[in-house]
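First up is the structure itself, then whatever we jot down about it.
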Amino acid sequence: YVKPEVEIENYKGIEVEKTVKKTTDEEITAEIDRVRERNSRMIDIEDRAAENGDTANINFEGFVDDKAFEGGKGENHDLVLGSGQFIPGFEEQIVGHKPGDEFDVNVEFPAEYHAEDLAGKKALFKVKLNSLKLKELPAADDDFAKDVSDFDTFADYKADVKKKLDESKEKAADNAVEEQLIDALIERLKADIPEAMFVNETENFVRDYDTRLRMQGLDLKTYFKYTGLDLDTLRQQMRPQAEKQVKTRLALEKIAELENIAVSDDELEAEYKRLAEAYNMEADKIKESIEASALTEDIKVKKAVDLVKAEAKISAKKPAAKKTAAKKADADDAGEKKAPAKKPAAKKTTEAKKAEDGESAEKKAPAKKPAAKKTASSSTKTAKKAEDGESTEKKSPAKKPAPKKTTAKKPAAEKKDAE
């Protein structure tokens, strides 16, 4: 294809709003708790009965109409009580028992259970509680701060957590501003874009997604098997973002041309160095993978983004205040009508069932659609060349798929239908 003739005007002085959310005490506590969770340890429980929150190690075998059913048996299975991992009623009947206890658990499979031969039927599980463990979090004190950070006191560590959360919110606000500017540029873009450009970019997105899956030990074929998706569906999902990427690139390249943006040798070398550090490669190998002319164009696009942002009229916008309970009560007293409660969205079961077939009584989240690659101000094609050519590279900052959540991981055969 031939690149289209591009026109763009009024790209300076674009009006956008920037909203920086304040960091709350709850967010600071939640972040610290996540770190405590990562540094937790499991301790054995021998002097009390099982409670919600405990990890119970169990053997179990299920029976329907006094007959053991396929996949209804498991040994040394760890189950967090109260997690809702097993079918309703199962975990609740483990609570109160002690390690070594053998007992029956009576449950009824849900009417919409994925295994039709078990759906709606009553079942009896013979269970043995092998052991109990409890996750113990480290205390939020000075010792904890010393273990997980470079600070000697918890107060200093907490202040640093707040600082980093503030920086993250500021960066998110800047990214939101950039997205507004990109959308504004696309609206101002005039070009007859060949369909081939959109198709090619969509294929780039698909290849990039496959690369990221392979970095996690998967591939598209396996991903499709456990999500119920196919290649055409994946392309359809990625097409809108691919179109945006093409239009963004064309707009920024034209701005770089109109503004006579140039790239110095020092800027080019600095970018090679940055890529080498990002992908954990030697600079010379990066230079072999990415031509200087291609990287120069990328830098021009980045500088065009910076120019548009510097020339924009950015106004600060305060985040909407949350309505307090007192205000809500006042509004009710004043006779304001409450909005009808929004019905929860119906769960999509088609794809999830495909992944669940042959699984145990554990509930699985429906497969998530892959996130479309975020539009970048610079081309991703040159970076992808480095990704495909070196096994020692660091992972791309692009969002990674979470195979556990997409049910890509095969369930253990021994836990099949029992759960």
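Starting from 1, each residue takes its place in the sequence as its number. For the numbers below, each heavy atom of this structure counts, side chains included, while hydrogens, waters and symmetry mates do not. Because the structure is a prediction, the values reported are computed rather than measured.
- The shortest heavy-atom contact between A119 and A111 is CB-O, 3.4 Å.
- Considering all non-hydrogen atoms of both residues, Q85 and L79 come closest at OE1-CD1, 3.2 Å.
- For the pair K303 (side chain) and A262 (backbone), a donor-acceptor distance under 3.5 Å is present.
- The pair E9-K190 does not meet the salt-bridge criterion, since no charged nitrogen lies less than 4.0 angstrom from a carboxylate oxygen.
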- prompt: Taking it one step at a time, do E259 and Y11 satisfy side-chain hydrogen bond (donor to acceptor under 3.5 Å, both in side chains)?
  reply: CA-CA 11 Å; E259 294 293 332; Y11 53 83; 2.6 Å; yes
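- How far CZ of F90 is from CD1 of I58: 4.5 Å, rounded to the nearest 0.5 Å.
- Across all non-hydrogen atoms, the minimal contact from P4 to I193 is CG-CA, 4.2 Å.
- Salt bridge status for E178 with K302: absent, with no side-chain N to carboxylate O gap under 4.0 Å.
- Ion pairing between E288 and K285 fails under the 4.0 Å rule for side-chain N and carboxylate O.
- Counting only distance, with no hydrogens or angles, the side chain of D156 and the backbone of T153 share no donor-acceptor pair below 3.5 Å.
- Side chain of Y272 to main chain of I290: a donor-acceptor pair is present (N/O by atom type, distance under 3.5 Å, no hydrogens or angles).
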message: Between E92 and V105, does the side-chain contact (heavy atoms from CB on, under 4.5 Å) criterion hold? Intermediate values first, please.
response: CA-CA 9 Å; E92 292 86 340; V105 168; over 6 Å; no
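- Of all the heavy atoms in V206 and M238, the pair that sits closest is N-SD, 3.8 Å.
- Using a cutoff of 4.0 Å between basic side-chain nitrogens and carboxylate oxygens, E31 and K164 are not scored as salt-bridged.
- The residues E297 and K300 are annotated as salt-bridged, a charged nitrogen and a carboxylate oxygen being separated by less than 4.0 angstrom.
- Of the possible donor and acceptor atoms, one in the side chain of D210 sits under 3.5 Å from a partner among the backbone N and O of L220.
- Counting all heavy atoms, side chain and backbone alike, N10 lies closest to I14 at O-CG1, 3.9 Å.
- The nearest pair of heavy atoms linking V35 to F144 is CG1-CZ, 3.8 Å.
- With Q180 contributing its side chain and E17 its backbone, the two residues share a donor-acceptor pair below 3.5 Å.
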message: Could you walk me through whether E27 and K21 satisfy the salt bridge (Lys or Arg N to Asp or Glu O under 4.0 Å) test, starting with their C-alpha distance in whole Å, then the side-chain angles of each, then the deciding distance to 0.1 Å, before giving a yes or no?
response: CA-CA 12 Å; E27 289 172 323; K21 297 180 180 179; over 6 Å; no
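- Put simply, the side chain of S168 never gets that close to the backbone of L165: no donor and acceptor are under 3.5 Å apart.
- The CD atom of E136 sits 4.5 Å away from atom CZ of R41, with the distance rounded to the nearest 0.5 Å.
- Taking 4.0 Å as the cut-off between side-chain N and carboxylate O, E201 and K247 do not count as a salt-bridged pair.
- A salt bridge links E203 to R235: one of the charged nitrogens lies within less than 4.0 Å of a carboxylate oxygen.
- Looking only at distances, no side-chain donor or acceptor of D54 sits under 3.5 Å from a matching main-chain atom of A56.
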task: Applying side-chain hydrogen bond (donor to acceptor under 3.5 Å, both in side chains), run through T233 and D230 and close with a yes or a no.
output: CA-CA 5 Å; T233 303; D230 55 32; 2.7 Å; yes
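- A salt bridge links E269 with K287: the closest approach of a Lys/Arg side-chain nitrogen to an acidic carboxylate oxygen falls below 4.0 angstrom.
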task: Evaluate salt bridge (Lys or Arg N to Asp or Glu O under 4.0 Å) for D298 paired with R249, printing each intermediate quantity in order.
output: CA-CA 9 Å; D298 282 355; R249 181 80 181 192; 3.0 Å; yes
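- A salt bridge links D33 and R36; the closest N-O separation between the charged side-chain nitrogens and carboxylate oxygens is under 4.0 Å.
- Looking at D142, its side chain does come within 3.5 Å of a backbone N or O of F154 through a donor-acceptor pair.
- Salt bridge E167/K171: absent, no basic N to carboxylate O contact under 4.0 Å.
- At a threshold of 4.5 Å between non-hydrogen side-chain atoms, the residues D78 and K133 do not count as touching.
- In K158, the NZ atom is not crowded: 12 or fewer heavy atoms of neighbouring residues, nucleotides or ligands sit closer than 6.0 Å.
- In this structure, the separation between OH on Y209 and CG on L234 is 7.0 Å, given to the nearest 0.5 Å.
- E91 places a side-chain N or O within 3.5 Å of a backbone atom of G82 that can act as its donor or acceptor partner.
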